[in-house]
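For ligands, and for the atoms within them, numbers begin at 1 and follow the listed sequence. Throughout, residue positions are numbered sequentially from 1 according to the sequence presented. Model, not experiment: these values are computed from the prediction.
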Amino acid sequence: MYYVLIVGPAGSGKSTLTSSLAEWIESYGMSVARVNFDPAAETLPYVPDVDVRRYIKARDLMIRKGLGPNSALVASVDMLANYVNDIRREIDEIRANYAIVDMPGQLEIIAFRRLGPIIVSELVRGYKAASVFLVDARLASSPSSAFSMLLLALSTLYRLKLPQIIAVNKIDLVISIAPTRGTPKAAMEELFLFKILSDEFSCMEAGVKSMFINSDVSVDICNTLREVYSDAVPISAKERVGIDGLYGLIQRVVAGGENFLTEEPGGF
Ligand SMILES: Nc1nc2c(ncn2[C@@H]2O[C@H](COP(=O)(O)OP(=O)(O)OP(=O)(O)O)[C@@H](O)[C@H]2O)c(=O)[nH]1
Ligand SMILES: [Mg+2]
């Protein structure tokens with residue numbers, strides 16, 4: 001089994017992608033465990049096979065302890081540390097080819113608080129795992145937001161220490177994805193984030209365009225980002241566009257590009 005953790009800022013499309021990626025993988029004959037790891041989720045666009053709300057619900061903590069929504073989520077993720085082994089066991093029992101984990105809405109709680117990375121490493125211990133970091137396409141178009149999203153992804157990488165794939169989601173909101181009028185490829189030409197990572201575009205130009213910070217600093221950051229990230233993949237989780245490209249990258253990271261079923265027939 002391979003773990004794929006879907007992370008990203010609030011509202012970036014993690015739950016929607018969990019649903020569409022799982023369906024895509026299943027349509028190719030592989031099995032998937034859909035794991036809701038968000039104790040604050042109210043409704044989900046998929047039926048979870050494993051659901052952390054069975055152990056902790058943020059809403060219950062709000063009522064029982066009189067907490068606000070943010071502190072209830074913080075407390076509930078901290079409390080999940082006590083249940084990681086149970087959750088792992090539940091996932092193991094499904095014996096799926098992939099476990100897709102829909103991480104909590106607030107990135108900060110899983111990536112930047114003390115227990116988040118400990119919970120994540122315990123969850124995936126012993127398995128190959130990758131994370132997909134989602135960026136909303138509307139935050140990938142201007143230089144300042146594109147730099148800040150890539151730096152957020154980088155700081156998440158530092159904390160979670162899992163191979164990371166950057167997916168720019170909701171491209172349907174910034175480009176036409178109608179088959180006759182454009183493809184996900186077109187997103188790459190329109191969105192600055194792809195230019196930062198593309199060797200066809202000079203970091204010099206990226207630096208000048210970001211203006212606010214000393215341009216030498218931006219050029220250095222651009223070069224550093226290119227050393228860490230060779231690519232990003234444009235997708236629309238909602239319209240199910242680009243999921244094949246995303247799966248290809250996931251497969252490359254966790255299975256060295258080999259199709260899962262041909263590599264490990266038993267699923268384990
Ligand atoms: N247009 C468009 N909307 C999308 C896409 N993916 C997700 N959305 C919408 O964005 C909103 C948030 O999507 P979710 O999947 O709930 O995002 P999330 O990251 O799980 O949200 P939280 O868990 O609350 O942080 C919903 O209204 C989705 O329908 C997409 O590819 N295109
Ligand atoms: Mg969600």
Side-chain angles (χ1 to χ4, degrees), residues 4-24 32-54 56-59 62 68-74 76-77 80 87 99-113 116 119-120 123 131-141 145 149 152-153 156 160 164-179 181-188 190-191 193-194 232-247:
V4 180
L5 272 58
I6 313 291
V7 297
S12 52
K14 298 177 290 294
S15 303
T16 310
L17 179 62
T18 299
S19 171
S20 43
L21 180 61
E23 276 180 25
W24 194 93
V32 177
R34 293 162 174 81
V35 182
N36 170 47
F37 212 79
D38 185 355
E42 292 286 335
T43 56
L44 291 168
Y46 57 90
V47 178
D49 300 297
V50 177
D51 192 339
V52 297
R53 292 174 299 179
R54 182 176 160 195
I56 311 275
K57 275 196 192 132
R59 178 168 286 281
M62 283 174 72
N70 288 317
S71 36
L73 184 56
V74 166
S76 52
V77 172
L80 275 183
I87 296 162
I100 301 183
V101 188
D102 179 11
M103 297 303 280
Q106 305 288 335
L107 174 66
E108 174 194 337
I109 288 163
I110 211 70
F112 305 126
R113 287 180 53 84
I119 292 171
V120 166
L123 181 70
S131 64
V132 175
F133 186 95
L134 284 184
V135 175
D136 187 316
R138 293 166 295 180
L139 290 170
S141 55
S145 56
M149 283 298 120
L152 186 62
T156 304
L160 298 188
Q164 189 189 56
I165 294 157
I166 294 181
V168 177
N169 187 32
K170 309 191 187 183
I171 56 161
D172 54 293
L173 296 179
V174 297
I175 58 157
S176 166
I177 55 166
R181 290 164 59 203
T183 64
K185 265 264 181 245
M188 298 191 175
E190 300 208 7
L191 301 179
L193 185 143
F194 291 102
V233 58
I235 63 167
S236 168
K238 190 172 167 193
E239 303 298 333
R240 289 148 202 263
V241 168
I243 308 298
D244 48 347
L246 172 62
Y247 178 72

**Prompt:** By number and element, which atoms of ligand 1 are closer than 4.0 Å to a non-hydrogen atom of D38?
**Reply:** 23 (O)

**Fill in**
Rounded to the nearest 0.5 Å, the CE atom of M149 sits from the CG atom of L139 at a distance of 5.0 Å

**Request:** Distance to 0.1 Å, residue and atom name: give those for the protein heavy atom nearest to atom 32 (N) of ligand 1.
**Result:** D172 OD1, 2.7 Å

**Contact check, side chains of I6 and L134, non-hydrogen atoms, under 4.5 Å** = yes

**Message:** Tell me whether K14 contacts the main-chain N or O of G8 through its side chain, where contact means a donor paired with an acceptor under 3.5 Å.
**Reply:** yes

**Asked** Does I119 reach the side chain of F37, with side-chain heavy atoms less than 4.5 Å apart?
**Response** yes

**Prompt:** With no hydrogens and no angle check, is any side-chain donor or acceptor of Q164 less than 3.5 Å from a backbone partner on A153?
**Reply:** yes

**Request:** Out of A40, G105, G11, indicate the one that has the non-hydrogen atom closest to atom 21 (O) of ligand 1.
**Result:** G11

**Message:** My understanding is that we take every heavy atom of each candidate and find the minimum distance to atom 31 (O) of ligand 1. Doing that for A167, G242, A237, which one comes out nearest?
**Reply:** A237

**S236 neighbourhood, listing ligand 1 atoms whose heavy-atom distance to it stays under 4.0 Å** = 30 (C), 31 (O), 32 (N)

**Item:** Check: G13 N/O within less than 3.5 Å of ligand 1 N/O
**Value:** yes

**Message:** As an exercise, identify every atom of ligand 1 less than 4.0 angstrom from a heavy atom of L173.
**Reply:** 1 (N)

**Complete:** Looking only at protein heavy atoms, what sits closest to atom 7 (C) of ligand 1 is T16 OG1, 3.4 Å

**Request:** Scan side-chain atoms only and decide if D136 and S12 contain a donor-acceptor pair under the 3.5 Å cut-off.
**Result:** no

**Prompt:** Is there a heavy atom of S12 sitting under 4.0 angstrom from any atom of ligand 1?
**Reply:** yes

**For atom 8 (N) of ligand 1, closest protein heavy-atom neighbour** = K170 CE, 3.7 Å

**Prompt:** If we only count heavy atoms from C-beta on, is the V174 to L191 side-chain gap below 4.5 Å?
**Reply:** yes

**Request:** Give the atoms of ligand 1, by number and element, whose distance to some non-hydrogen atom of A10 is under 4.0 Å.
**Result:** 25 (O)

**Message:** Check this for me - ligand 1, Q106, N or O atoms closer than 3.5 angstrom, yes or no?
**Reply:** no

**Message:** For I171, which part has a heavy atom under 4.0 Å from ligand 1: side chain, backbone, both, or neither?
**Reply:** neither

**Request:** Test side chain to side chain contact (heavy atoms under 4.5 Å, CB included) on V233 and I165 and set out the steps.
**Result:** CA-CA 8 Å; V233 58; I165 294 157; 4.3 Å; yes

**Asked** Among protein heavy atoms, which lies nearest atom 6 (N) of ligand 1, and at what distance?
**Response** N169 ND2, 3.2 Å

**Whether over 12 other heavy atoms sit under 6.0 Å from R240 CZ** = yes

**Asked** Considering all protein heavy atoms, does one lie under 4.0 Å from atom 12 (C) of ligand 1?
**Response** yes

**Message:** Could you check whether any side-chain N or O of D38 sits under 3.5 Å from a backbone N or O of G105, counting only pairs where one atom can act as donor and the other as acceptor?
**Reply:** yes

**Asked** Short N/O distance, under 3.5 Å, between K14 and ligand 1?
**Response** yes

**Message:** Can a donor-acceptor pair be found, under 3.5 Å and without considering hydrogens, that links the side chain of S19 to the backbone of S15?
**Reply:** no

**atom 30 (C) of ligand 1: the protein heavy-atom neighbour that sits closest, reported with distance to 0.1 Å** = K238 CB, 3.3 Å

**Request:** Within a distance under 4.0 Å of any heavy atom of S15, pick out the atoms of ligand 1 and give their elements.
**Result:** 15 (O), 18 (P), 20 (O)

